[in-house]
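For the numbers below, each heavy atom of this structure counts, side chains included, while hydrogens, waters and symmetry mates do not. Just so we're on the same page: letters track the sequence lines, and every chain starts at 1.
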Number of protein chains: 2
Amino acid sequence: MRSKKRTTIYDIAEKLNLNPSSVSRALNNSSSVNDATKKLILKTAKELNYTRNTLASNLRKGHSKTIGVVVPRINQNFFSNVIAGIEDATYKQGYNLIICQSNEQYEKEVQCVNTLINQHVDCIVISVSVETTAHDHLQNVLDHGIQLIQFDRVVDELETLKVTNDNEQSSFDAVSHMITQGYKRIALLEGPQKLNIFRQRKTGYLRALKEHGIAPIADLMIENAWTKELSAAATRQLLSLPEPPDAIFASTSDFSALGVLEVATIMQIKVPQQLGICGYANENFTEITSPSITTIDQFSFYMGKTVANLYFQEMENTDTVVVPKVISIKPKLITRASTTRE
Amino acid sequence: MRSKKRTTIYDIAEKLNLNPSSVSRALNNSSSVNDATKKLILKTAKELNYTRNTLASNLRKGHSKTIGVVVPRINQNFFSNVIAGIEDATYKQGYNLIICQSNEQYEKEVQCVNTLINQHVDCIVISVSVETTAHDHLQNVLDHGIQLIQFDRVVDELETLKVTNDNEQSSFDAVSHMITQGYKRIALLEGPQKLNIFRQRKTGYLRALKEHGIAPIADLMIENAWTKELSAAATRQLLSLPEPPDAIFASTSDFSALGVLEVATIMQIKVPQQLGICGYANENFTEITSPSITTIDQFSFYMGKTVANLYFQEMENTDTVVVPKVISIKPKLITRASTTRE
DNA sequence: TTGTAAGCGTTATCAT
DNA sequence: ATGATAACGCTTACAA
């Protein structure tokens, strides 16, 4: 079964007493081929159940019409939405996607990237793992003349195309909103500060405090609270302080916010009256918790489309000079019950 | 930048005054090559930043070491988990994944499949769209000598490798559980009956009623309630019946169950006392709604791994005879507050 | 408009 | 152990 030989342009040519090149031309809808013969070729191609061998075609043409995508986890809402967005845009252009996941591990990320280089993909789209600090593997992509686009979690030092969220601004907006709602002691759950996105979110938090004349308090900023469990633990710690916070900004994710909410519920602390909660990412469940959780929408699907379109634009750009280009998407604060005091 | 020529085995051969074939052998770790020269070749390969052109290699070898995956939607928990599972298993074997989404449209599904055939993938893994009734495109895969594995939503008539959930049994279990909890008038929200999985779930529902001596009531079975919105509408309809149901089995998804819950909450109907609710798929939010929602776990990640391993097994099977093989995974009922009456 | 032939980068099969 | 050469299937100058 599996070894059945597939029809090639030679088979078609032979059957029609034509030259393979004519068949190729017809199949590529070249203008310089007789309409009658073209029809004939197309007809017999269909009869013989011919499908082009893209491998051969791409080898000859020197590109693969394939984009490689590396994300920490495929089955995370944000990433799968971005991928869906990329797929949506690239599909229309006849491009294929090769998806890899790093599982948040640096080693696997390197491996993924190398595989994609081997595959001679035309472009690699990546959001780095939480472990990633070195970036030789990304430089390597560039060295192979492969287009590199970073998104969301990007390595700042590397001059590549980038699509990011304006994390600082959205973080600033969220905290400002909470201050406006009358919260005075706002705690921050931070993600690993290795990652630029988490640094930015912290910066936004600090800037909001500053602009409202509130002094940051070290005890209220908890490092590495980036999972639901870690956040729950952090929350217990925060709420047992002599002067506990009256709001918590779970800047890492909605899962963290959920951890906060669960602990608050167990401790019978009223949200939003006694404690305000804000998450990040607009996961679908934030709408249906009680109370619903204020969060930040990152427009993930749109982000994916933007990444893809950025690539196509860059392709069309015939200049040999590579212009570093960064697109920043402004996330949107979604205010819900968990921070609405009246 | 982009057009930079990449190092080939010729470049290495030239530099070392060797024959390309020797280089190839060394790079493939062939035993019939001098250890010293092998070392030398590997060293200069690294120096010249060589990476194998998989396109050429695969063309020569006659396969692509690539598996194509077609799903209705990438960004749905169930599917992204399955994909993650497939990726996890195939990655270790040096395989790549090409992901496509049909967006639940038949036309796009056909297009996806054809692209994958063009790509000369070694295997196509598919879960068909809700629109799919014809299956010429799948037959076509077989005709090209490409391995085809269906999962979850499968076309029964087509004899291929399959990995399915035992939908009927899990559905039976869910309804039996509800009956045990004292629910007497259990309504069913059905998915499109074109899809085998939804037919099976209905069958399981009917069998459970029968075994417990309950006669099915036509008014309590609502067709095509397979989104949150449709389910909400269906729920309003059901609850306004002269004799409304005392439980609703949202057999299509947890999103449907959510629709039910929201309407019940609005109508101030107490769950689970006045109305029991059961969903399907164990989406992460089912745990955190109030009340939490009873649902069915499909072991999606494991399902993906199973699909991948099925392929590898089949590969090793050197018999020319193709043995149709179907693996059924037994889902697990997760009972939660929404159906727990005491 | 069609045919000829070279080449994309590998690998497999010879021969040396 | 290494070299020469053909072939995988397609595209594209160039020639006719």
**Q** Using a cut-off of 6.0 Å, state whether more than 12 heavy atoms not belonging to B:Glu14 lie near its atom CD.
**A** no

**Q** Are the side chain of B:Ser127 and the backbone N or O of B:Phe151 linked by a donor-acceptor pair below 3.5 Å?
**A** yes

**Q** List in chain and number order the residues that pass side-chain contact (heavy atoms from CB on, under 4.5 Å) with B:Asn28, two or more places apart in sequence or in another chain; answer none if no residue qualifies.
**A** B:Ser24, B:Arg52

**Q** Among pairs that include at least one residue of residues 16-44 of chain B, which meet salt bridge (Lys or Arg N to Asp or Glu O under 4.0 Å), considering only residues two or more places apart or in two chains?
**A** B:Lys43-B:Glu47

**Q** In chain order, what residues pass the side-chain contact (heavy atoms from CB on, under 4.5 Å) check against B:Tyr95, with sequence neighbours excluded?
**A** B:Lys65, B:Ile67, B:Thr90, B:Gln93, B:Asp122, B:Tyr311, B:Phe312

**Q** Nearest nucleotide by nearest heavy atom, which residue falls closer to the 5' end of DNA chain D, B:Asn17 or A:Ser57?
**A** B:Asn17

**Q** Could I get the full list of side-chain contact (heavy atoms from CB on, under 4.5 Å) partners for A:Gln111, not counting sequence neighbours?
**A** B:Tyr91

**Q** Counting only heavy atoms not in A:Tyr106, do more than 12 sit closer than 6.0 Å to its OH atom?
**A** yes

**Q** What residues form a side-chain hydrogen bond (donor to acceptor under 3.5 Å, both in side chains) with B:Asn49, not counting sequence neighbours?
**A** A:Asn140

**Q** In degrees rounded to 10°, what angle is found between the helical axes fit to the five outermost pairs at each end of the helix from C:dT1-D:dA16 to C:dT16-D:dA1?
**A** 40°

**Q** Excluding sequence neighbours, so at least two apart, what forms side-chain contact (heavy atoms from CB on, under 4.5 Å) with B:Gln105?
**A** B:Asn103, B:Lys108, B:Glu131

**Q** Rounded off to whole Å, could you give me the CG-to-P distance for the A:Leu55 and D:dC10 pair?
**A** 11 Å

**Q** Work out which heavy atom in A:Thr51 is nearest to a heavy atom in B:Asn118; give both atom names and the distance.
**A** CB-OD1, 3.3 Å

**Q** What residues, two or more places apart in sequence or in another chain, satisfy side-chain hydrogen bond (donor to acceptor under 3.5 Å, both in side chains) together with B:Lys92?
**A** B:Asp88

**Q** As a quick check of understanding, evaluate side chain to side chain contact (heavy atoms under 4.5 Å, CB included) for A:Ile117 and A:Ile124, giving each step before the final call.
**A** CA-CA 8 Å; A:Ile117 293 176; A:Ile124 292 182; 4.3 Å; yes

**Q** List the residues meeting side-chain hydrogen bond (donor to acceptor under 3.5 Å, both in side chains) with A:Asn77, not counting sequence neighbours, and say none if there are none.
**A** A:Asn81, A:Glu283

**Q** Quickly work out the A:Asp11 CG to D:dC10 C1' distance and round it to whole Å.
**A** 13 Å

**Q** Nearest whole Å is fine: how far is D:dC8 C1' from A:Asn58 CG?
**A** 14 Å

**Q** Atom pairs, N/O to N/O, protein against nucleotides 5-7 of chain D, distance under 3.5 Å?
**A**
none

**Q** So where does chain B start and stop touching DNA chain C, 5' to 3', when the test is distance under 4.0 Å to a non-hydrogen atom?
**A** C:dG9 to C:dT13

**Q** In whole Å, what is the span from the CG atom of A:Leu59 to the P atom of D:dG9?
**A** 12 Å

**Q** Nearest whole angstrom, please: distance from the P of D:dG9 to the CD of B:Gln119.
**A** 16 Å

**Q** Could you list by number each residue of residues 24-43 of chain A showing a heavy-atom separation from DNA chain C of less than 4.0 Å, or answer none if no residue does?
**A** A:Arg25, A:Ser32, A:Val33, A:Asn34, A:Thr37

